[in-house]
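Just so you know, ligand 1 is whichever comes first in the structure, and atom 1 is the first atom listed for that ligand.
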Amino acid sequence: FIQLDTCWPPVSTMSVKVNSAFASVLLAFGLLLPCQLGLPTTTNQGDRLIVFVPTRQAQLDWLELIHSQAGKPGEVGENVRFWFGPGLLNQETIVFVPGGDYGRLVAAIPSSQDTYSWWTVQKENLGKLVTGETRRSSDISSAYRTYQEIGDDLPSKRIVWIDAGIHAREWIAPATALYFIDKIVQGYKSSDSTIKSMLDNFAFYIAPLLNPDGYVYSYTFTRERLWRKTRSAQAGGCYGVDLNRNFGYHWGGQGSSSDPCDENFRGSSAFSEPETRAVRDKLLAIRLRTISFITMHSYGQDWMVPYGYAYNVSVDNYAQMMRPVQAAADKLKSLGRNYDIGNSAVVTYPAAGASDDYAASIGVPYAHTIELPDTGQYRFLLPQSEIPRVGLETLEALKVYLGYIAAANQPRDE
Ligand SMILES: [Zn+2]
């Protein structure tokens, strides 16, 4: 699970959250966003850069003196900013001088005892450069972007959570999550109106691989392609926890096992695993803004709603939650794919400690487990050639589903 809370270089502390198509990719692949560079916030006409190359100790001492005067009222160095240095003899020191301080600083520079000058004005007029900068471009990858464009997380946007790969062997799930990311980025760039409105309506938090250790183990063919759990060491010499039995809502109930060697081992306690704790902590942090929680599995072709911890327990808003699901299922059917929909215990089997139950229990209005194709021909071994079809039909279904939710849940005017 990927947190995106830091930036580089560490000039300032900036919490970066994610909502645009562009930034969704960053979330998915764990890249860091750059901080603002150390440019002055106000650059006026007459601002200059001076490059010093001290060749004598007295010159270096003077630079150190100016450096030490930063912020001291009335001193020559009060408003001078050192972008580089002062360092050693014969090394460049670069300082930014506001227009109003330029004359005073220049007058104070010790004169060179050599035949050559030890300083030069590098940019005669920085302010002119700044005001002349062009920052606009329609292509996201070839222009400097504003903070909002790069990743401001507008509080008015509701969050759609999508995760995949909580079970290692269900490879079509992370593949579909990546397909989704790829297509919404492309769609946004090419001004696809449905995708654009989707991204204007919702902020997407996408975790394409919730169980990386298990996935790596499954992906290594000499090991176990059909491995399901994590790879944490457990009592009795067995490995792994079924993360989708480890969440803390009715943990320990039906469909989960206390046996560390069992496929459905629920862990030693609720949230005993770092993967589930990461999901819990992020979900709790964004809980009030999260409108939809979707976790993608395979196989079965089911689109389900909580609760799954036992038979005959449904969320209070079951009927409301089912409406966009029905719309999505209708879309899938029109694309030649039949999905079963409904309460997850009924559609499949009771499974206590699952993530969608937890999401519903903390108040997320729509929570789903989606079992991607197929229905049993290939089971977990769905051929790679099926990725485009599954990806496309899931994307189309999610468009319909989210369009329905957007229409039914207009933001309230405060
Ligand atoms: Zn699964």
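- Under 2.8 Å from the Zn ion (ligand 1), one finds the following protein N/O/S atoms: His167 ND1, Glu170 OE1, Glu170 OE2, His297 ND1.
- In this pair, Trp171 and Tyr219 present their aromatic rings parallel. The plane angle is below 30°, not in the 30 to 60° band.
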Under 3.5 Å, sequence neighbours excluded: what are the donor-acceptor pairs made by side chains of residues 358-365?
{"unit_1": "Ser361", "atom_1": "OG", "unit_2": "Tyr358", "atom_2": "O", "d": "2.7"}

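- Salt bridge status for Asp200 with Lys196: present, with a side-chain N to carboxylate O gap under 4.0 Å.
- For Trp161 and Tyr205, the ring centers sit 6.0 Å or farther from each other.
- Within the 4.5 Å cutoff, no side-chain heavy atoms of Asn338 are placed close to those of Thr375.
- Cation-pi geometry between Arg277 and Phe271 is not satisfied (NZ or CZ under 6.0 Å from the ring centre, within 45° of the ring normal).
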